[in-house]
Amino acid sequence: MTDASAASPAIAPAAPATPDLDVLIIGAGLAGLYQLYRVRELGLSVRVIEAGGDVGGTWYWNRYPGARFDSESWSYGFSFSPELLRDWSWTEHFAPQPETLRYANFIADRFDLRPLIDFGLRVVRAQWDEAARLWRVALDDGTTRSCRFLITAIGALSVPTLPRIEGIDTFAGLICHTANWPHEPVSFEGKRVAVVGTGASGVQTIQEVARTAASLTVFQRTPNWCAPLHNRRITDEEQQRIKASYGEIFRQCRESPAGFVHRPDPRRTLEVSAEEREAFWEQRYAEPGFGIWMGNFRDVLIDREANALMSDFMARKIRQRVKDPATAEKLIPKNHGFGTRRLPLETGYYEVYNQPNVELVDLNDTPIERITPQGIRTREGERAFDIIVFATGFDALRGAYDRMEIVGTGGQRLKDQWQGGARTFFGIQNAGFPNLLMVMGPMCALGNIPRSIEYNVDWVAGLLRHLRDHGRTRVEARRESVDGWMEIVRAAAVGLLSNEVDSWMTGVNRNVEGKSERVLARYSGTGPEFRARADAVAAGGYRELDIA
Ligand SMILES: Cc1cc2nc3c(=O)[nH]c(=O)nc-3n(C[C@H](O)[C@H](O)[C@H](O)COP(=O)(O)OP(=O)(O)OC[C@H]3O[C@@H](n4cnc5c(N)ncnc54)[C@H](O)[C@@H]3O)c2cc1C
């Protein structure tokens, strides 16, 4: 351990034992990095444990070809430091993964965070010790650390999942998941490639692989509605404009429901004429980013008729872009309406299926039977491949919590308490788990993630400051406070068409045992509402929490 970790804790221990650290943070993605910066600022002793070999989280692990933002780069970066905004320049409106990984490294170096991070270590268990009033944290190297406060910054999309297919370990070629991509370059030139999965990562991968692969076979279970990204480089003039208007950009994000620069159109879909509607949708389709999803008519995601019209518009686009009518039909989602699952943004995705080297296999007609040493065997026979890519997503939202054994008061396990759905207070605290603080935990506001990260980290730092200033060493959400927040979460979900669809947003992932039923999996209210309520808790002196 370094000097920092050995420093005596600044929070006065009201408890018998002195922990190694005031604060231990798990995860060195953007959330963990910013939380580290804020905790250090409070004068508390702190270290970070990170499973990966370096900083960046999502952007460290997801190195697959074509990985890039769906958020506008200049709305994604942190806003807390004017120097950072001045000195960091995004090169594209939707930056590719290598650039975002450089950004994470830039932050770590600029604020000298790296010396406080232990890489290549995974937290496997954390146990609350009530008598000593601290957490005992076990790592996968067999060592333990103790800390007064445990902060999880472990990501909502950080646990990749593979389908349960027989023979997956027997493949003789290269096999990889998009979120666990090799660090050395992978060439597809002249190779026979299979991509399994057509969610956001699958779509990005497919576009890229199709350029050079000898053959690309896409195995699709659920087609998604995909809309054009319209990415381009940021010109020098635009760069100057962006830097001069950061204040306005972040204000727009703060005021919008999901932290993006896009806001819903105040009109209802059927309020305008068919011609006007078509022209509006054409305009949105031609614009960059999530405008078509988040800047659509305000009822598209809640009104069945409006959603059906929008879905029909998107289906016509697919039919226009894909030459073979049978392939086009396979690419048109039939089991969910537009925008009710995470919308992949694409660049020439549909045109890929016009290429002679690309074939689409619908897993509903032709299920995979097993992976063989040579390739993939379906009901129709065996296909040989050199590379198999799984773009099969994540055990989302709570997956990283389920992977750890987190034991609170009275020996209760977090995963047992969350059977039937995660329950938290603002995604930050929980009853029965004192001094466990979650950043981007289940039931926090999502959307343009760094906008939420910044808010949640600052809220957690504010709470720690309050405890430090009042000489308190224990904080736990009251059960009724958790119940109260869960009622708000439940009410916010009423009427959303996305709740009627199986997806990670409703907690469904059939590749994970016990996650095949829809549950209340996320807070789907707006960011401004979330912040107003959480601000009120802090302003009221945290009366919803038991503090001792
Ligand atoms: C391909 C992809 C594209 C995305 N694009 C966007 C986008 O355009 N806009 C947007 O807003 N969001 C996007 N996201 C979401 C993205 O996850 C967030 O934007 C953000 O990077 C999350 O940061 P985080 O620090 O909360 O979590 P993460 O970046 O996931 O970091 C969590 C870290 O915790 C570590 N960890 C987890 N468990 C343990 C453990 N037990 N022990 C030790 N370490 C552990 C992990 O190794 C990881 O490094 C995307 C996600 C993916 C996968």
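Counting starts at 1 for both ligands and their atoms, following the listed order. All heavy atoms count here, side chains included; hydrogens, waters and symmetry mates do not.
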Check the side chains of [Y] and [X] for a donor-acceptor pair under 3.5 angstrom, ignoring hydrogens and angles.
{"X": "Asn62", "Y": "Ser201", "value": "no"}
{"X": "Glu208", "Y": "Gln204", "value": "no"}
{"X": "Tyr455", "Y": "Asp535", "value": "yes"}
{"X": "Ser498", "Y": "Arg522", "value": "yes"}
{"X": "Tyr34", "Y": "Arg38", "value": "yes"}
{"X": "Asn105", "Y": "Arg114", "value": "yes"}

To the nearest 0.1 Å, how far is [atom] from its closest protein heavy atom, and which atom is that?
{"atom": "atom 47 (O) of ligand 1", "answer": "Glu50 OE2, 2.7 Å"}
{"atom": "atom 9 (N) of ligand 1", "answer": "Ser71 OG, 2.7 Å"}
{"atom": "atom 1 (C) of ligand 1", "answer": "Tyr64 OH, 3.3 Å"}
{"atom": "atom 12 (N) of ligand 1", "answer": "Ile449 CG1, 3.6 Å"}
{"atom": "atom 41 (N) of ligand 1", "answer": "Val123 O, 3.0 Å"}
{"atom": "atom 44 (N) of ligand 1", "answer": "Ala51 N, 3.1 Å"}
{"atom": "atom 26 (O) of ligand 1", "answer": "Ala31 CB, 3.5 Å"}
{"atom": "atom 2 (C) of ligand 1", "answer": "Thr58 CG2, 4.0 Å"}

Quick check on contacts: which atoms of ligand 1 are under 4.0 angstrom from a heavy atom of [X]?
{"X": "Asn448", "answer": "11 (O)"}
{"X": "Ala153", "answer": "32 (C), 33 (C), 34 (O)"}
{"X": "Gly27", "answer": "33 (C), 34 (O), 35 (C)"}
{"X": "Ile154", "answer": "32 (C), 34 (O), 37 (C), 38 (N), 39 (C)"}
{"X": "Met404", "answer": "41 (N)"}
{"X": "Asp70", "answer": "7 (C), 8 (O)"}
{"X": "Ile26", "answer": "39 (C), 40 (C), 42 (N), 43 (C), 44 (N), 45 (C)"}
{"X": "Ile49", "answer": "43 (C), 44 (N)"}

Is [X] in contact with ligand 1, taking contact as a heavy-atom separation below 4.0 Å?
{"X": "Phe394", "value": "yes"}
{"X": "Gly259", "value": "no"}
{"X": "Leu121", "value": "yes"}
{"X": "Ala67", "value": "no"}

Query - Main-chain N/O of Trp88 paired to Lys243 side chain as donor or acceptor, under 3.5 Å - result: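 Indeed, once roles are kept as given, a pair shorter than 3.5 Å links the two residues.
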Requested in this report: For Trp504, enumerate each residue passing the ring-ring contact (aromatic ring centres under 6.0 Å, His included) test, keeping only those at least two apart in sequence or located in another chain.
Outcome: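 Applying ring-ring contact (aromatic ring centres under 6.0 Å, His included) to Trp504 gives none.
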**Report entry** Arg68/Glu92 ion pair, N-O < 4.0 Å
**Finding:**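 So Arg68 pairs with Glu92 through a salt bridge.
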**Report entry** Location of contacts on Trp61 toward ligand 1, heavy atoms closer than 4.0 Å
**Finding:**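 Contact part for Trp61 vs ligand 1: side chain (C-beta onward).
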Query raised in the report: So which bit of Tyr401 gets within less than 4.0 Å of ligand 1, heavy atoms only: side chain, backbone, both or neither?
Result: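 Within the 4.0 Å criterion, Tyr401 makes no contact with ligand 1.
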Report task. Could you please spell out the steps behind the salt bridge (Lys or Arg N to Asp or Glu O under 4.0 Å) verdict for Asp87 and Arg110? Result -> CA-CA 10 Å; Asp87 296 344; Arg110 164 59 63 99; 2.8 Å; yes
Query raised in the report: Which distance, rounded to the nearest 0.5 Å, do you find between the OH of Tyr523 and the OG1 of Thr424?
Result: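 These two atoms lie 12.0 Å from each other.
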Query - Selection from Tyr76, Tyr34, Trp59 by shortest heavy-atom distance to atom 18 (C) of ligand 1 - result: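 Checking each option, the heavy atom nearest atom 18 (C) of ligand 1 is found in Tyr76.
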Query raised in the report: With sequence neighbours excluded, what pairs up with Asp502 under the salt bridge (charged side-chain N to carboxylate O under 4.0 Å, His left out) test?
Result: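 Residues passing salt bridge (charged side-chain N to carboxylate O under 4.0 Å, His left out) with Asp502: Arg510, Arg518.
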Query raised in the report: Is the NZ or CZ atom of Arg533 both under 6.0 Å from the centre of the six-membered ring of Phe530 and within 45° of that ring's axis?
Result: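 Not satisfied by the 6.0 Å and 45° rule.
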Query raised in the report: Of all heavy-atom pairs between Gln429 and Leu436, which one has the smallest distance, and what is that distance?
Result: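 Smallest interatomic distance, heavy atoms only, reads NE2-O, 3.1 Å.
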Query raised in the report: Is the shortest N/O to N/O distance between Leu30 and ligand 1 below 3.5 Å?
Result: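 There is such a contact, yes.
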